[in-house]
Amino acid sequence: MDKLETAKEKFAVLLTGQLARVERMKNEKGFLDYRALEQIIIGVAGGDGIGPAIIAQAKKIIETLLKTEIAKGRVLIKDIHGLTIENRTAVKKAIPDDVLAELKTCHVILKGPTTTPEAGSPWPNLESANVAMRKELDLFANVRPVRVPEQGIDWTFFRENTEGAYAVGSMGFEVDEDLAVDFTITTTQGTERIVRRAFDYAEANGKTRVTAVTKANIIKTTDGKFLRVCREIAKDYPGVTLDEWYIDIMTAKLVDEKRRAQFQVFVLPNLYGDILTDEAAEFQGGVGTAGSANIGERYAMFEAIHGSAPRMVKEGRSKYADPSSIIRAAAMMLSHIGYAREASDLTRAMDECAAEKRIEITGRENGAASEEWAEYIISKLCK
Ligand code: IPM
Ligand code: MG
């Protein structure tokens, strides 16, 4: 067949899928009320690489904090096995069907990092399990807080999590040997829901400013729509000012010590959010220290923002991996499901350990093991 015809067919498939997604979004019913549930099921999925090692520590901490709730049967913690690169390779799926079915029996999920195969790696070119889970469970809001109190930094990022360059990231194609095309998607519904979430958060937390980050001067259609939706939604929040920045200058302003403390809440398309949150986390001590919440109406997933660190595993250093990021994610999860007191107790305990540094994590033998760090945190909890 003519290459243009083939390309058109592929494009039609992609658009059909996205139009169907828009229809689904139009029928969204609202957020799950965890308080109304008789039992909250927390799924714990270790993932790849250092994942199982660090998640074991986070799990122990949740079990400590929710001891009575678990004893009463109000909370059930369920181990989810099989979200590994080996299994995914065996069935050639980003998330094996049985694992996905298990995940869907839970209300919230705490997930370790999963290896994302890249071109040229020994693994097949599977879609990232992370990205697949965000899409399968429609986890549209990626919420990433970064705090450095001594520098006045208190940022919360609302990264759109199911659209942009990621929406059909695995559906780009080579039209011929010289022409490769990828796609980026912005929908009205998909943008409205993330922007509302950012403004609601700002309003509920006494913040006065939401910063929208795009490149709408160049990526006119999709980023342009994102920005237009931000302006529309902002009208509903008279106490919160919308502030507009382009991604290039925003990356620079984050390192501007005179300006950066003025930013509060950010809302941004997927790829910019991916990049800017790594930069932001660096000020707090690196991606290993930041937690990430992926929130949808029915499901929510909480994860570390770092990867599976295959090098640490290869060098036998998994037990020295820093569990801080996944423990921060666990704190976000506790607060999301209504255990705000336990969440702030955990955050305080972590901050105390980080400041006091009776022991230190280095990722190597000369530092504390993940388990010792978790015990250190547990010793600071009000039990
Ligand atoms: C993140 C990660 C993921 C992403 C990868 C692992 C697919 O970088 O959560 O920020 O690109 O979203
Ligand atoms: Mg990232």
Side-chain angles (χ1 to χ4, degrees), residues 45-51 54-55 58 83-85 88-89 93-95 109-121 123-146 155-172 182-185 190 194 213 247 250-251 254 266-296 299-313 321-322 324-326 328-330 332-333:
D48 296 309
I50 58 169
I54 56 173
I55 214 152
L83 191 68
T84 60
I85 182 79
R88 287 183 275 135
T89 305
K93 282 204 153 174
I95 306 177
I109 297 149
L110 186 67
K111 185 187 80 53
T114 48
T115 297
T116 304
E118 56 181 286
S121 79
W123 305 107
N125 189 19
L126 294 170
E127 187 185 22
S128 142
N130 244 357
V131 174
M133 197 180 298
R134 292 170 185 167
K135 283 193 223 161
E136 284 288 347
L137 306 180
D138 203 19
L139 309 173
F140 66 86
N142 191 327
V143 187
R144 298 183 160 180
V146 169
W155 298 326
T156 308
F157 292 85
F158 286 79
R159 164 187 175 189
E160 200 294 318
N161 214 20
T162 48
E163 304 200 339
Y166 284 64
V168 286
S170 54
M171 290 176 85
D182 273 315
F183 300 93
T184 186
I185 307 268
I194 185 71
V213 186
I247 181 65
M250 191 73 250
T251 57
L254 283 200
F266 297 83
V267 65
L268 61 183
N270 211 336
L271 186 58
Y272 308 143
D274 177 47
I275 297 166
L276 208 63
T277 53
D278 270 15
E279 186 194 1
E282 197 62 27
F283 302 121
Q284 176 184 273
V287 291
T289 61
S292 165
N294 298 264
I295 311 225
Y299 298 101
M301 182 265 280
F302 301 81
E303 61 183 345
I305 83 167
H306 56 75
S308 59
R311 191 176 324 147
M312 286 193 83
V313 181
D322 189 349
S324 303
S325 179
I326 193 80
R328 294 249 176 232
M332 295 177 86
M333 181 181 80

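Ligands are counted one by one from 1 in listed order, and the atoms in each one are counted from 1 as well. Side chains included, hydrogens not; waters and symmetry mates left out as well; all remaining heavy atoms used.
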Does Arg159 make a cation-pi contact with Tyr166 (under 6.0 Å, within 45 degrees of the axis)? yes
State, without any angle test, whether Glu303 and Asn294 hold a side-chain donor-acceptor pair at a distance under 3.5 Å. yes
Any idea which protein heavy atom is nearest atom 5 (C) of ligand 1, and the distance to it? Asn130 ND2, 4.0 Å
Side chain or backbone, does Asp274 bring an N or O within less than 3.5 Å of an N or O on ligand 1? yes
Under a 3.5 Å threshold, yes or no: a donor from one side chain and an acceptor from the other, between Asn142 and Ser292? yes
Using distance alone, decide if ligand 1 has a nitrogen or oxygen within less than 3.5 Å of any nitrogen or oxygen in Arg144. yes
Between Lys135 and Glu127, does any side-chain N to carboxylate O distance fall below 4.0 Å? yes
Please determine, by modelled atom types, if Arg134 and Thr162 share a side-chain donor-acceptor pair under 3.5 angstrom. no
Has ligand 1 got any nitrogen or oxygen that is less than 3.5 angstrom from a nitrogen or oxygen of Arg159? yes
Could you pull out the closest heavy-atom pair between Ile54 and Pro113, with the gap in Å? CD1-CD, 4.1 Å
For Tyr166, the ligand 1 atoms with a heavy-atom partner under 4.0 Å come out as 4 (C), 11 (O), 12 (O)
Strictly under 2.8 Å, is the Mg ion (ligand 2) approached by any N, O or S atom of Asp278? no
So CZ of Phe266 and CH2 of Trp155: to nearest 0.5 Å the spacing works out to 6.0 Å
Report yes if Ser128 has an N/O atom closer than 3.5 Å to an N/O atom of ligand 1; otherwise report no. no
One residue to check: His306. Relative to ligand 1, which of side chain, backbone, both or neither has a non-hydrogen atom less than 4.0 Å away? neither
Tell me which N, O or S atom of Asp274 sits nearest to the Mg ion (ligand 2). OD1
